[in-house]
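Take a look at the structure set out below.
Chain letters run A, B, ... following the sequence lines, proteins first, then strands; residues in each count from 1.
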There are 2 protein chains.
Amino acid sequence: MIHLLIHKMKASPNGAMNEAEMTTKIATGAAELPLNQIVPGDCIEVMNSLPEASVDLIFADPPYNLQLKGDLHRPDNSRVDAVDDAWDQFSSFAAYDRFTRDWLAAARRLLKPHGAIWVIGSYHNVFRLGAELQNQGFWILNDVVWRKSNPMPNFRGKRLTNAHETLIWASKQEASKYTFNYDALKALNEGVQMRSDWVLPICSGHERLKDEAGDKAHPTQKPESLLHRVLLGTTNPGDVVLDPFFGTGTTGAVAKMLGRDFIGIEREKSYRDAARARLDKVRKYDRATLEVTQSKRALPRIPFGQLIERGLLRPGEMLVNARGQMAKVRVDGTLIADDIRGSIHQVGAALDGAPSCNGWTYWSFRREGQMVPIDLLRQQLRAELG
Amino acid sequence: MIHLLIHKMKASPNGAMNEAEMTTKIATGAAELPLNQIVPGDCIEVMNSLPEASVDLIFADPPYNLQLKGDLHRPDNSRVDAVDDAWDQFSSFAAYDRFTRDWLAAARRLLKPHGAIWVIGSYHNVFRLGAELQNQGFWILNDVVWRKSNPMPNFRGKRLTNAHETLIWASKQEASKYTFNYDALKALNEGVQMRSDWVLPICSGHERLKDEAGDKAHPTQKPESLLHRVLLGTTNPGDVVLDPFFGTGTTGAVAKMLGRDFIGIEREKSYRDAARARLDKVRKYDRATLEVTQSKRALPRIPFGQLIERGLLRPGEMLVNARGQMAKVRVDGTLIADDIRGSIHQVGAALDGAPSCNGWTYWSFRREGQMVPIDLLRQQLRAELG
DNA sequence: GTTTATTTTGAATCAGTAG
DNA sequence: TCTACTGATTCAAAATAAA
């Protein structure tokens with residue numbers, strides 16, 4: 001913990017280091033995390049200059065290698081403003097694969113052992129991204145489809161409307177204990193577990209950043225709703241989130257709102273400038289707002305024996321399951337039912353012939369003529385213990 | 001055209017060649033297409049024995065290389081019947097890649113110059129499939145997401161519900177003049193152009209083939225609705241459709257209904273037998289059971305959390321009920337009122353001491369001095385999402 | 001026969017802690 | 001590093017049973 005803390009170097013609230021200072025720091029290989037800052041430069045070089053195993057999550061929206069040929073026109077003859085920027089040009093699949101291999105390796109080095117990565121792409125590049133993730137030992141947890149509610153139609157009627165993009169969520173390795181806020185995402189989805197297909201609109205309207213000329217500041221700005229779901233679901237407040245293709249800073253903006261620290265890396269000055277102006281306007285939510293639905297797994301463990309020690313249940317008292325079968329509570333917190341002895345879980349599993357059993361919800365006891373689940377006593381004890 | 005016709009050798013309507021005859025024909029390298037038949041054997045060998053440039057479309061559902069570990073149980077302790085068949089076992093990604101390279105090369109050789117291929121997979125294998133397609137010169141036209149309306153849930157709450165599979169549609173080469181029945185698919189989609197995400201139920205009920213013991217005949221039978229859309233959209237009547245992983249013959253069944261010729265290749269005798277029995281019962285143009293989901297269009301369910309993600313409500317904002325009681329909106333779409341936390345419905349019910357509550361009509365928020373029910377935002381979102 | 005309640009099932013890389 | 005133990009965890013649709 002101390003190891004990581006000494007690397008943290010938060011930007012002052014009033015403003016970040018200027019870019020000249022930043023470049024110097026990076027070039028000298030200072031092992032400090034430029035938290036909540038936008039680092040100029042090539043993302044591979046910058047990542048390699050940062051201390052290894054220091055980042056909780058990486059969100060990466062790399063160039064898509066679109067390979068567009070001529071101009072595309074709408075049926076009314078207006079020209080579609082396509083992604084034709086220099087940063088999206090690669091000479092071949094091999095060149096794109098080399099680039100992918102290098103930046104993914106640099107990203108993997110930066111991740112903590114239990115860290116994870118999100119990448120987003122379209123059919124032009126996502127298969128190469130996914131294959132290389134697997135080749136490097138990342139462990140894919142889900143692929144997620146961002147289903148656009150308002151995609152651009154296919155004007156020529158030669159293919160299906162390309163109405164989605166694909167995200168891949170992967171942990172650093174198979175053994176990683178990745179962060180997944182299951183209950184928060186379930187709450188966000190009105191009580192049913194979140195699926196791998198997310199219906200969200202593209203980034204437009206007020207959210208879409210414009211330059212002085214009124215044109216879009218970045219050709220592929222991602223919606224904040226997408227990052228909200230990613231960061232809420234797979235990071236905790238205070239986590240460090242790095243975006244090596246920061247663009248106009250959607251990842252940073254949502255991270256700031258949600259009380260996560262971000263590191264942005266971006267090569268193009270115009271994008272950095274737009275992102276800085278944007279980030280200055282973002283405010284963090286207060287603590288009560290940031291709090292999310294808590295998982296039961298995070299609650300303190302209460303040994304069943306404590307109910308007896310604390311006098312909430314008496315030794316010798318009988319417990320009953322849903323089928324009316326009974327078991328006697330023994331002084332050491334184990335049960336006995338006929339000749340089956342063991343914990344509340346073991347005896348329940350044995351009676352049901354089941355591979356496992358949650359004894360807390362399986363057993364009830366009698367109080368004033370009523371059957372009361374023993375889990376109620378656990379809740380009572382947890383409340384007492386604060 | 002004549003060149004192709006001489007290769008065609010349709011099965012007699014009353015029955016196909018028996019398997020012994022078939023094997024002999026293949027072994028001698030007879031350059032004839034076994035139309036509307038199921039060829040036994042390894043798909044690579046069989047494909048290499050058929051004449052090149054003779055097939056219009058290939059639909060391939062190869063093994064997914066799932067790499068499952070131990071058993072999985074549902075919360076009710078029942079065991080999940082997993083895909084653990086020998087044909088899905090590969091020793092490494094390298095072995096899977098070799099297999100993929102070989103069968104794709106054999107498939108590409110069989111395709112006519114203007115032919116196309118569909119492959120289907122999950123995140124376990126689809127990135128390797130897509131990358132190898134590109135490596136071999138196939139030209140990806142779309143990736144299509146099959147969004148399952150009734151997927152298996154994630155029982156342990158450790159990941160997102162894996163609710164989709166991915167199909168890739170690619171032509172033999174960039175210059176191919178592939179078949180795309182734009183208007184047919186547009187008609188199928190109620191007059192708006194077909195998108196790259198298809199919502200279809202999994203294969204179950206009467207359509208799911210059972211063996212004598214009443215168990216599923218094949219662990220991964222695909223729904224006919226999926227193949228209906230593929231074949232209707234990317235083939236013409238009379239086209240030759242080849243499926244190298246024929247299984248229990250969904251591709252053949254739909255091809256027969258739609259008046260396309262099929263060639264099935266399948267290694268496992270039990271699958272071939274089930275497929276033959278199935279195909280015998282299929283009649284051309286029996287479309288009644290297809291596209292069942294198309295008709296029912298219920299109002300889309302909008303989770304309250306989406307209002308937050310979409311910025312229609314801000315986290316931290318206060319909601320008010322009819323009695324003037326207030327609750328604060330949290331980032332995961334839950335509310336907090338004093339020490340009561342939960343969904344809009346739960347908190348409303350708790351405040352009223354009621355068993356249930358419709359949060360959508362219970363809560364309002366302040367906009368420009370006016371109190372506005374949150375249900376208005378839901379209606380707004382529904383309109384946007386179409 | 002009709003309606004309602006209960007059971008079954010689906011391509012799944014599905015646990016974490018203490019000793 | 002390995003073993004033992006605790007205890008958290010599911011949605012939609014079809015099939016079957018019950019009323």
Side-chain angles (χ1 to χ4, degrees), chain A residues 114 134 138-143 170-171 174-175 177-178 180 182-183 186 189 191-196 295-305 333-334 342-346 348-349 354-363 374-375 378, chain B residues 61-85 87-90 93 120-126 146 148-166 199 201-208 210 214-216 218-223 245 247 292-293 296 301:
Chain A
H114 299 305
Q134 292 178 314
F138 287 98
W139 192 246
I140 298 183
L141 300 167
N142 277 117
D143 61 336
S171 60
E174 185 177 356
K177 290 175 184 156
Y178 54 92
F180 181 51
Y182 174 78
D183 296 283
K186 188 173 174 179
N189 198 32
V192 293
Q193 57 182 206
M194 187 68 80
R195 301 168 34 125
S196 59
S295 82
K296 284 190 188 170
R297 282 185 251 257
L299 293 172
R301 288 160 80 108
I302 307 282
F304 177 70
T334 58
S343 70
I344 51 173
H345 316 293
Q346 290 167 331
S356 70
C357 166
N358 182 348
W360 291 106
T361 55
Y362 185 86
W363 295 106
I374 59 172
D375 202 32
R378 181 170 65 159
Chain B
D61 181 12
Y64 285 12
N65 188 23
L66 285 188
Q67 310 175 59
L68 301 178
K69 305 276 187 317
D71 277 355
L72 178 65
H73 290 89
R74 299 187 181 79
D76 66 2
N77 273 328
S78 63
R79 201 178 71 88
V80 174
D81 183 18
V83 177
D84 54 0
D85 306 74
W87 49 254
D88 198 44
Q89 308 298 324
F90 294 84
F93 279 131
I120 181 167
S122 66
Y123 66 83
H124 309 83
N125 70 327
V126 77
W146 168 26
K148 302 179 184 181
S149 54
N150 51 344
M152 180 153 64
N154 185 292
F155 295 117
R156 308 301 291 266
K158 301 308 293 181
R159 302 182 178 192
L160 301 163
T161 306
N162 196 3
H164 74 276
E165 294 186 28
T166 302
V199 181
I202 60 176
C203 181
S204 66
H206 290 111
E207 193 185 320
R208 188 88 197 211
K210 303 279 164 51
D215 298 321
K216 52 193 176 192
H218 192 284
T220 69
Q221 187 182 340
K222 296 293 175 290
F245 306 98
V292 284
T293 54
K296 47 175 159 179
R301 192 176 53 84

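A donor and an acceptor atom never sit less than 3.5 Å apart when one is taken from the side chain of B/Lys148 and the other from the base of C/dA11. With hydrogens and angles left out, the side chain of B/Ser204 and the base of D/dA15 share no donor-acceptor pair within 3.5 Å. Remark: the B/Arg74 side chain and the C/dG10 base include a donor-acceptor N/O pair separated by less than 3.5 Å.
A/Pro303 comes within 4.0 angstrom of no nucleic acid atom, judged by non-hydrogen atoms across all strands. Using a 4.0 Å heavy-atom cutoff across all strands shown, A/Asn142 reaches no nucleic acid atom at all. In this structure, B/Cys203 reaches neither bases nor backbone, as no heavy-atom distance under 4.0 Å exists between it and the strands shown. If you check every strand for non-hydrogen atoms under 4.0 Å, B/Pro223 touches nothing. Using a 4.0 Å heavy-atom cutoff across all strands shown, A/Phe304 reaches no nucleic acid atom at all. Counting any heavy atom pair closer than 4.0 Å across all strands shown, A/Arg378 reaches sugar-phosphate atoms only and no base atom. Among the atoms of the strands shown, base atoms are found under 4.0 Å from some heavy atom of A/Ile140. In this structure, A/Gln193 reaches the sugar-phosphate backbone alone: every heavy-atom distance under 4.0 Å involves primed, P, OP1 or OP2 atoms, never a base. Residue B/Asp88 is classed as a base contact, given a heavy-atom separation below 4.0 Å to a base. The residue B/Gly70 sits close to a base: some heavy atom pair falls under 4.0 Å.
In the set D/dT9, D/dG7, C/dA11, the nucleotide with an atom closest to the side chain of B/Pro75 is D/dT9. Among the nucleotides C/dA11, C/dC14, D/dC11, the one closest to the side chain of B/Asn154 is C/dC14. Distances from the side chain of B/Asp76 to the nucleotides C/dA12, C/dA11, C/dT9 place C/dT9 closest. Listed nucleotides C/dT9, D/dA8, C/dG16 differ in distance to A/Arg301; the shortest reach to its side chain belongs to C/dG16. Ranking C/dA11, D/dG7, C/dA12 by closeness to the A/His345 side chain, first place goes to D/dG7. Distance from the side chain of B/Arg156 is smallest for D/dA8 among the nucleotides D/dT6, D/dA8, D/dT10. Among the nucleotides C/dA11, C/dC14, D/dT10, the one closest to any side-chain atom of A/Lys186 is D/dT10. With D/dT9, D/dT10, D/dA13 as the choices, the nucleotide that has an atom nearest any side-chain atom of A/Lys296 turns out to be D/dT9.
The heavy-atom pair separating B/Val126 from B/Gly121 by the smallest distance is CB-C, 4.0 Å. When all heavy atoms of A/Cys357 and A/Ala349 are compared, the closest pair comes out as CB-N, 3.5 Å. In terms of heavy-atom proximity, B/Ser122 sits nearest to B/Leu66 at OG-CD2, 4.3 Å.
Contact annotation: B/Lys158 side-chain N/O to D/dT9 OP1/OP2 distance is not under 4.0 Å. Dashed line: the shortest gap from a side-chain N or O of A/Ser343 to OP1 or OP2 of D/dT6 is under 4.0 Å. Between A/Tyr182 and C/dA15, a side-chain N or O to OP1/OP2 separation shorter than 4.0 Å is absent.
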For A/Arg378 and A/Asp375, run salt bridge (Lys or Arg N to Asp or Glu O under 4.0 Å): C-alpha distance rounded to whole Å, both residues' side-chain angles, the deciding distance at 0.1 Å, then the answer. CA-CA 5 Å; A/Arg378 181 170 65 159; A/Asp375 202 32; 2.8 Å; yes
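Judged by closest nucleotide on DNA chain D, A/Asn358 is the one of B/Gly205 and A/Asn358 placed further toward the 5' end.
Between A/Lys296 and A/Asp183 there is no salt bridge, since none of the side-chain N atoms of the basic residue sits less than 4.0 Å from a carboxylate O of the acidic one. Between B/Lys222 and B/Glu207 there is no salt bridge, since no side-chain N of the basic residue sits under 4.0 Å from a carboxylate O of the acidic one.
Ring pair A/Trp360/A/Phe304 is perpendicular by interplanar angle, where above 60° counts as perpendicular and below 30° as parallel.
D/dT9 makes up no base pair with any nucleotide shown, lacking Watson-Crick or G-U wobble contacts both under 3.5 Å. Applying the Watson-Crick and G-U wobble criteria (two distances, each under 3.5 Å), C/dT17 pairs with D/dA4. For C/dA12, there is no paired base (Watson-Crick or G-U wobble, both distances below 3.5 Å).
Between the CG atom of B/Asn150 and the P atom of C/dG10 there is a distance of 11 Å, rounded to whole Å. Atom pair A/Ile374:CD1 and D/dG7:C1' shows a separation of 11 Å (rounding to whole Å applied). Distance B/Phe155 CZ to C/dA15 P: 13 Å, rounded to the nearest Å. B/Asp71 places its CG atom 12 Å from the C1' atom of C/dC14, with the value rounded to the nearest Å. In this structure, CD of B/Glu165 is placed 14 Å from P of C/dG10, rounded to the nearest angstrom. Atom CE in A/Met194 sits about 16 Å away from atom C1' in D/dT10, given to the nearest Å. Between the P atom of C/dG16 and the CG atom of A/Leu299 lies a distance of 16 Å, rounded to the nearest Å. Note: CG (A/Asn189) to P (D/dA12) measures 10 Å, nearest angstrom.
Between the side chains of B/Ser204 and B/Arg208, no donor-acceptor pair of N or O atoms lies under 3.5 Å.
Of the P atoms belonging to D/dT9 and C/dT8, the separation is 23 Å, rounded to the nearest Å. Taking the P atom of each, C/dA11 and D/dG7 are spaced 34 Å apart, rounded to whole Å. The C1' atoms of C/dG10 and C/dC14 are separated by 15 Å, rounded to the nearest whole Å. With both ends at atom P, the span from C/dA12 to D/dT6 equals 30 Å, rounded to whole Å.
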